[in-house]
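Predicted model, so just to flag it, every value in this text is computed and none were measured. Throughout, protein chains are lettered first and strands after them, A, B, ... in sequence-line order, and every chain is numbered starting at 1.
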Number of protein chains: 2
Amino acid sequence: MAKRPGSRRRTIKDVAAEANVAISTASLALNGKGYVSQDTRKRVLEAAKRLDYVPQPAARQLVTQETGNVGFVLRADHFTRSEPFYTRVFLGAEFEAEQHDRYVLLATIPEQYVPGEHSPRFLRQRNVDGILVAGKVAPAFLAEVEASGLPVVLIDFEKDHLPNVVVDNQAGARSAVDHLLGLGHQRISFVGADMEHPAVASRLDGYRLALSAAGLPSDPSLILAKSGGNPDRETGKQLGERLLALEPRPTAVFCVNDATALGVLDTAKKHDVSVPRSLSIIGFDDVTGAQTSIPSLTTVRVYKEQLGELALRYLAELMGGAEQHSDRYQRGFHDIKLPTELVVRNSTARREGDHE
Amino acid sequence: MAKRPGSRRRTIKDVAAEANVAISTASLALNGKGYVSQDTRKRVLEAAKRLDYVPQPAARQLVTQETGNVGFVLRADHFTRSEPFYTRVFLGAEFEAEQHDRYVLLATIPEQYVPGEHSPRFLRQRNVDGILVAGKVAPAFLAEVEASGLPVVLIDFEKDHLPNVVVDNQAGARSAVDHLLGLGHQRISFVGADMEHPAVASRLDGYRLALSAAGLPSDPSLILAKSGGNPDRETGKQLGERLLALEPRPTAVFCVNDATALGVLDTAKKHDVSVPRSLSIIGFDDVTGAQTSIPSLTTVRVYKEQLGELALRYLAELMGGAEQHSDRYQRGFHDIKLPTELVVRNSTARREGDHE
DNA sequence: TATTTTTGTCGAAACGTTTCGACAAACGTA
DNA sequence: TACGTTTGTCGAAACGTTTCGACAAAAATA
């Protein structure tokens, strides 16, 4: 492990010499390309191992004109928010990148993005071969990325025709509301914010679908939504007040995410409304706080690491050979939907007085 | 902004041609090295700007034998914990790295580190010129880093003689306890866990120092500490129970961090002990949740981004010219202590019945 | 058997920078 | 004036890889 101070880094030249072949042959053998006999391949590989040879990325990059890096961009406020959602997505991407022998360069951009000023450095320097964009970002940024001509995959966000990997929000929401319906609830509210966000919109769709599939009318007064803003705990608290004021009061509520669900829970506690006895609450995401709240939160689990993993794999496909790439393109597989899982905890229960 | 599809990337050769100088001269001018006349320097710079020239990192790396990258390593569980402490540290480092035209490669390691198996890829591939290590990590990892011979700076953690950047925990703790003393409290408890952690130990030192400076005896029964474990909210809840059981009950408590402080607050609420009227609570770190808790938490603010910034600057110094480096070394400036700031909110108050 | 195709190996060129050494002009100083 | 030093510029080498084209031996085909 320890390097002798004077020991030069081994190069492919050393390996070639050790294996008694030409440099080019060594390269071929190492990369499994072209015609190399069994015997020499083995000799080269052994020599490489013996010398502890590690190829120098810079040299390869220079000739292949690829950087071996992918960029990962998200909004700073998303990255530093207390629920490490995107941190997990990033780690998933980083993990998968390792399999592809690539590095992930992280860059954050502000919510209010100004193209020239806030552009990620690797974009200006063209130090990446592809880009992952996680979460909602300013349109101006996406325009810039598109203009760069680099392959890009969006994560947890949709825009135009851009390739993306998203949670199956609609199906997830549906499973949540179906769960409530199965518990005998009929008057089920929806709580959410930032309705323009595609993910939020899909979750509302799922809510509506579940209700209509159950033959229930869709009552607009049950849909409590702030059109702008962020679906955070504070918003949940506020909308929780409106929820409790409804007449008659809903017996269950589907919240657009766990943060708002926890906010609604706060408000319920404040007004001494027993959860889940008088009110069932269900969230979405399965954040860390969902397990430790009192009561613990029934929610729809999202596999965050997998989101990053799949996105990177997709991006790798777009970057590698243009053939497969256009294949996928032409077959119209532009988005990948990641299934969710309903996690039943203690914030939901059979409707009071309901007899199965 | 948009690249014409067929347009080759500009090279220094293009710039040289445009400015009518040799490639070597262009390089000199661009990098501000050697002797270049005012006039030609200007011509080269203008040509570069006109052509939108961006040097290709790989080519430079190949000749300088530097990677231009620094590694940032931390434990996965630290990175994904819900308080984005290290995320902020990372962003600070990344920001500063930009000034030095370097990229930061992030790698996480597990708590139980096995050298061969979990080694960050950039360490094996030697794809970094220096390493930042944030937070507590396994000794085996640090040994590996040391053996690699790469310059390293620890952040928020101390080990042996390794250069580090840490919060001035002792002074911060002292300011916290001084604040409580100033409010008339005399019976002040300490709540913490993971006492072997250098930062925790320093905070306890600060606590003791403040008390003895005030002429108060150090009462061991007031020090509630789990020796192992993590100082998290759950731990705070548990130790909170022990705190409230003390006879006579302390009127104030200094918690080793905000997470435990919030846990103590939970317990106080549960037992209907009014905060801050009957019990003053003060934390450390100023996490996001400290502002929104009820009551909001008085705490010691830590400048997380600055921690990363300073660490990277320090590392850059160690990587750049060996002269300055050894200078600092020999002068013994191995650690940098970052000042804290007391943030007074609503969880601390004058001792009941105390008259200034 | 004669010819083409496949297999295996090699030397050399290329990628885009920095830096070394050579050289000459301009500028000091004796 | 003569000579050393500073200033300015340049060509060429070097960094460590991949890949191209040449070549020959072996194998397949006619």
J.: Will you find, in the side chains of B:Tyr314 and B:Glu96, an N or O donor that is under 3.5 Å from an N or O acceptor?
T.: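 Absent: no donor and acceptor within the cut-off.
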J.: So which of A:Leu106, A:Asp156, A:Val137 actually passes side-chain contact (heavy atoms from CB on, under 4.5 Å) with A:Leu74?
T.: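 Testing each of A:Leu106, A:Asp156, A:Val137 against A:Leu74, the sole residue satisfying side-chain contact (heavy atoms from CB on, under 4.5 Å) is A:Leu106.
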J.: Using a heavy-atom cut-off of 4.0 Å across all strands, would you classify A:Gln61 as base, sugar-phosphate, or nothing?
T.: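 Contact class for A:Gln61: none.
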J.: Checking side-chain polar atoms at under 3.5 Å, does A:Thr11 have a donor or acceptor matched by the opposite partner on A:Gln56?
T.: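 The criterion, which ignores hydrogens and geometry beyond distance, is not satisfied for A:Gln56 and A:Thr11.
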J.: May I have the step-by-step check of side-chain contact (heavy atoms from CB on, under 4.5 Å) for B:Thr80 and A:Leu91, ending in yes or no?
T.: CA-CA 9 Å; B:Thr80 57; A:Leu91 287 179; 3.5 Å; yes
J.: Determine whether a donor-acceptor pair (N or O, by modelled atom type, separation under 3.5 Å) exists between the side chain of A:Arg41 and the backbone of A:Ala26.
T.: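 Not a single qualifying donor-acceptor pair exists.
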J.: Would you indicate what A:Ser27 reaches in the nucleic acid, counting non-hydrogen atoms under 4.0 angstrom: base, sugar-phosphate, or nothing?
T.: base
J.: Report for the helix from C:dT1-D:dA30 to C:dA30-D:dT1: angle between first-end and last-end helix axes, five pairs each, rounded to 10 degrees.
T.: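 The angle separating the two end axes equals 30°.
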J.: Would you classify A:Pro57 as touching base, sugar-phosphate or nothing, given that sugar-phosphate means primed atoms plus P, OP1 and OP2, and contacts are heavy atoms under 4.0 Å?
T.: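 The answer is nothing, as A:Pro57 stays clear of every strand by at least 4.0 Å.
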J.: Please tell me if the side chains of A:Ile155 and A:Val133 come closer than 4.5 Å, counting only heavy atoms from C-beta onward.
T.: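 The answer is no; the side chains never approach within 4.5 Å.
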J.: Anything under 4.0 Å to a heavy atom of chain B counts; send over the first and last such nucleotide of DNA chain C, read 5' to 3'.
T.: C:dG16 to C:dT19
J.: Please list, by residue number, the residues of residues 34-44 of chain B whose heavy atoms come closer than 4.0 Å to an atom of DNA chain D; answer none if no residue qualifies.
T.: B:Tyr35, B:Val36, B:Ser37, B:Thr40
J.: Kindly assign one of parallel, tilted or perpendicular to the pair B:Tyr113 and B:His118, based on the angle between their ring planes and the thresholds 30° and 60°.
T.: tilted
J.: Rounded to the nearest 0.5 Å, what separates atom CD in A:Gln61 from atom CG in B:Leu62?
T.: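 CG of B:Leu62 is found 10.0 Å from CD of A:Gln61.
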J.: Between A:Arg9 and A:Leu28, who's closer to the 5' end of DNA chain D by nearest nucleotide?
T.: A:Arg9
J.: Only one of B:Leu105, B:Thr108, B:Leu132, B:Val128 forms a side-chain contact (heavy atoms from CB on, under 4.5 Å) with B:Phe72, so which one is it?
T.: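 It is B:Leu132, the one option of B:Leu105, B:Thr108, B:Leu132, B:Val128 that forms the side-chain contact (heavy atoms from CB on, under 4.5 Å) with B:Phe72.
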J.: Between B:Asn20 and B:Ala59, who's closer to the 5' end of DNA chain D by nearest nucleotide?
T.: B:Asn20
J.: Please determine whether side-chain contact (heavy atoms from CB on, under 4.5 Å) holds for the pair A:Phe157 and A:Leu142, giving the CA-CA distance in whole Å, both sets of side-chain angles, and the decisive distance to 0.1 Å.
T.: CA-CA 11 Å; A:Phe157 187 61; A:Leu142 288 181; 4.2 Å; yes
J.: May I have the step-by-step check of side-chain contact (heavy atoms from CB on, under 4.5 Å) for A:Val21 and A:Val44, ending in yes or no?
T.: CA-CA 8 Å; A:Val21 295; A:Val44 171; 3.9 Å; yes
